[in-house]
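Working notes, beginning with the structure itself.
The basis for the numbers below is simple: all heavy atoms, side chains too, and nothing from hydrogens, waters or symmetry mates.
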Amino acid sequence: MATKKLDKVEKQFEMLQILNEEGEVVNEKAMPDLSDDQLKELMRRMVYTRIWDQRALSLNRQGRLGFYAPVAGQEASMLASQFAMDAEDWLLPSYRDIPQLVFHGLPLTKAFLYSRGHFEGGQIPDGVNALMPQIIIAAQCTQAAGVALGLKKRGKKNIALTYFGDGATSQGDFYEGINFAGAYQAPAVFISQNNRFAISVPVEKQTASKTLAQKAVAAGIRGVQVDGMDPLAVYAATKEAREHAVNGEGPTFIETLTYRYGPHTTAGDDPTRYRTEELDNEWEKKDPLIRFRKFLENKGLWSKEDEEKTVEQAKEDIKAALKEADNTPKQKVTDLIKIMNEKLPYNLQEQLEEYTKKESK
Amino acid sequence: MAQMTMIQAITDALRTELKRDKDVLVFGEDVGKNGGVFRATEGLQDEFGEDRVFDTPLAESGIGGLALGLAMQDYRPVMEIQFFGFVFEAMDSVVSQMARLRYRSGGKYQAPITIRAPFGGGVKTPELHADNLEGLFAQSPGVKVVIPSTPYDAKGLLISAIRDNDPVIFLEHMKLYRSFRGEVPEGEYTIELGKANVVREGNDVTIITYGAMVQTSLKAAEQLEKENISAEVIDLRTVSPLDIETIIKSVEKTNRVVVVQEAQKQAGVAANVIAEINDRAILHLEAPVGRVAAPDTIFPFASAENVWLPDENDVIEKVKETLNF
Ligand SMILES: Cc1ncc(C[n+]2csc(CCOP(=O)(O)OP(=O)(O)O)c2C)c(N)n1
Ligand SMILES: [Mg+2]
């Protein structure tokens with residue numbers, strides 16, 4: 001009996017797909033309303049991010065960048081969902097969600113400074129509604145409930161959108177976040193990018209749940225599973241969740257099925273220890289860029305020149321941003337002391353003097 | 001005797017105890033197939049099976065609760081917190097639950113749990129990976145806090161920690177994992193918890209320290225020797241409880257003390273060491289006890305680490321200040 005009921009729950013969470021691996025529309029009625037220009041822009045962002053990811057990995061090897069969490073494979077999941085955000089919406093990213101942060105308004109230079117471990121990398125510019133990348137797994141989930149409740153109390157027609165991984169759904173903060181948002185009917189959208197692994201641990205070992213999306217049931221909120229390699233499905237699901245949220249109909253939890261092609265981070269992870277080549281190949285066949293490119297080419301919206309222009313633009317931007325990062329004054333301990341508190345206590349005042357002397361040597 | 005890095009010595013200690021006692025269980029995030037993000041549990045799942053060495057879902061509070069529950073079933077859990085900065089997620093499990101189990105059960109139950117975690121600065125990690133949080137636990141009655149500074153100590157102390165019938169927090173400084181090798185005997189041996197080690201004898205001043213700062217202090221002592229200053233260096237090995245006897249004996253000999261810690265200055269282990277010396281040996285002091293520590297900010301963003309972390313020169317300067325008082 002009990003298993004039968006569980007089957008019923010699981011069936012509600014069948015994966016939403018609009019574009020199949022061949023770039024064919026398989027679900028016409030779910031097609032989102034996107035203009036040709038918007039479709040092209042989304043493709044441009046995905047290609048741009050793929051190039052940036054490749055550059056980031058090689059810059060890291062040369063010691064020119066620090067901590068970096070690769071994103072190749074997850075472009076649709078990341079960028080098509082961010083594409084559904086309003087410019088005024090609030091973004092709460094994890095360490096991997098730097099591309100969304102950049103397309104939401106963080107200058108690329110700041111992203112590089114963040115990677116290098118410079119505090120200026122955390123300075124979100126005025127007018128950009130976002131928090132810094134979160135390191136503590138799932139901490140952003142409860143915070144998203146808070147931002148969303150604040151937006152609701154202020155009468156804003158905006159949402160808080162937060163990203164985290166599959167592993168993150170094991171944390172208490174995840175359950176607390178979706179439950180709080182549900183309890184307050186706060187305008188939050190929670191996106192778990194299920195890339196199948198939390199470092200080395202496969203999602204099957206993370207939970208007995210067949211889908212992550214079904215975890216929404218217990219919180220009494222909407223849950224959706226989408227093909228995370230399909231930009232149109234990701235966009236449609238996020239857009240709908242956003243509309244629900246701003247219409248006062250409560251939060252949504254979206255699970256995107258995706259894959260990270262690269263290592264967990266650049267800090268020495270070796271995926272061959274825990275993933276097979278077959279699995280890698282299986283997922284690379286689902287590549288979001290390949291299928292979206294086919295779709296756009298068939299519509300006459302994307303050409304070789306578009307592709308080349310985007311690649312060139314990405315390379316140029318990266319070069320310029322790196323130069324700016326290189327020219328940013330080195331961070332000092334005295335800088336860090338000064339930003340500890342609004343008003344420095346006696347110990348920090350003394351240490352400010354001490355380190356000013358030390359750093360002028 | 002084999003030459004090992006500290007990480008190898010830790011794996012060796014885990015293997016030794018897994019072999020000796022079938023109730024020892026090793027678990028945490030990525031410790032199974034992946035062998036831990038630093039490879040501390042490398043090969044252990046293959047050797048002892050998934051029943052004994054296993055991955056957990058990603059939740060430190062869950063890991064802590066699981067450990068306590070397994071202890072109630074007479075297992076001897078060795079849980080890993082992937083980086084000690086994430087221990088806040090398990091703070092309730094450790095401080096409110098494990099540390100109080102014996103007390104709350106009127107002495108009936110015990111929590112023979114070892115909590116292993118990498119920590120410490122100088123390896124340019126992202127934020128929250130390097131913090132020195134030992135002081136928080138040194139302030140928590142009911143748990144011991146052990147910090148090895150050499151491969152030999154790491155193995156002997158970890159074996160003792162696993163065999164101890166109370167919760168032990170075992171902190172592994174990341175900078176020491178692979179920076180040097182040392183002799184490590186095969187098979188089992190233990191180093192008593194709560195006992196410090198005089199790693200260098202001297203007469204003019206005592207430097208009391210632990211963790212990666214032992215190496216820093218030893219280098220400072222070598223420099224000082226060239227200037228005819230003879231420094232004794234004590235490695236605390238266990239920062240809670242302190243080895244008062246060894247500390248006081250040395251203070252009574254040298255009459256001058258500098259305490260060195262990598263952690264921020266405010267509160268913390270050094271403050272406690274100084275208070276104990278003041279309580280027990282103030283009349284033996286020729287100068288106020290010096291203190292070398294990091295400034296009272298959040299652990300710095302990676303690119304400012306080098307200036308932020310205390311170094312040899314800080315130790316040398318403080319020693320001279322104490323001598324010239
Ligand atoms: C509280 C906490 N525990 C552990 C870690 C170490 N850690 C960093 S990423 C990660 C895996 C996260 O996996 P997932 O949620 O699937 O996200 P992904 O990295 O795959 O995007 C772990 C265990 C952490 N950063 N924070
Ligand atoms: Mg994942």
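For chain A, the nearby part of L128(B) is the side chain; its heavy atoms alone come within less than 4.5 Å. Contact annotation for Q264(B): neither backbone nor side-chain heavy atoms come within less than 4.5 Å of a heavy atom of chain A. Of the atoms belonging to E350(A), not a single heavy atom falls under 4.5 Å from chain B. For P133(A), the part lying near chain B is the backbone, with the side chain staying farther off; criterion is any non-hydrogen pair under 4.5 Å. Interface residue Q171(A): backbone and side-chain heavy atoms are both found under 4.5 Å from chain B. Proximity to chain B is limited to the backbone of R116(A), based on heavy atoms less than 4.5 angstrom apart. Heavy-atom distances place the side chain of K361(A), and not its backbone, under 4.5 Å from chain B. Contacts between K205(A) and chain B at a heavy-atom distance below 4.5 Å involve backbone atoms as well as side-chain atoms. Heavy atoms closer than 4.5 Å to chain B are found in the side chain of F67(A), but not in its backbone. Using a 4.5 Å cut-off between heavy atoms, D314(B) contacts chain A through its side chain alone, with no backbone atom that close. For L348(A), the part lying near chain B is the side chain, with the backbone staying farther off; criterion is any non-hydrogen pair under 4.5 Å. At a 4.5 Å heavy-atom cutoff, the contact between A198(A) and chain B is made by backbone and side-chain atoms alike. Both the backbone and the side chain of N34(B) have a heavy atom closer than 4.5 Å to some heavy atom of chain A. For A138(A), no part lies near chain B; criterion is any non-hydrogen pair under 4.5 Å.
Between R96(A) atom CZ and Y163(A) atom OH the span is 14.0 Å, to the nearest 0.5 Å.
The shortest side-chain heavy-atom distance between I136(A) and Y95(A) does not fall under the 4.5 Å cut-off. Contact check for E134(B) versus N132(B): side-chain heavy atoms found under the 4.5 Å cut-off. At a threshold of 4.5 Å between non-hydrogen side-chain atoms, the residues L171(B) and F84(B) count as touching. By the 4.5 Å heavy-atom criterion applied to side chains, Q134(A) and L92(A) are not counted as neighbours. Side-chain contact between D166(A) and R196(A) is absent, with no heavy-atom pair separated by less than 4.5 Å. Residues K265(B) and N347(A) are not in side-chain contact: their nearest non-hydrogen atoms beyond the backbone lie 4.5 Å or more apart.
Between chain A and the residues A59(B), A304(B), S303(B), the largest count of heavy-atom pairs under 4.5 Å involves S303(B). Note: F119(A) leads F174(A), Y114(A), F119(A) in heavy-atom pairs under 4.5 Å with chain B. For the set T297(B), D55(B), D296(B), the entry with the most heavy-atom pairs within less than 4.5 Å of chain A is D296(B). Looking only at heavy-atom pairs under 4.5 Å with chain A, the residue among E42(B), E29(B), E305(B) that has the most is E42(B). Looking only at heavy-atom pairs under 4.5 Å with chain A, the residue among F38(B), F301(B), F88(B) that has the most is F301(B).
Between F299(B) and W308(B), a ring centre-to-centre spacing shorter than 6.0 Å is recorded.
F86(B) and F83(B) have perpendicular rings, their planes meeting at more than 60° on a 0 to 90° scale where under 30° would count as parallel.
The neighbour count for D51(B) CG, taken as heavy atoms of other residues, nucleotides or ligands under 6.0 Å away, does not exceed 12.
For A67(B) against P77(B), the heavy-atom pair with the smallest separation is O-CG, 3.3 Å.
Side chains of D97(A) and Q193(A): a donor on one and an acceptor on the other come within 3.5 Å.
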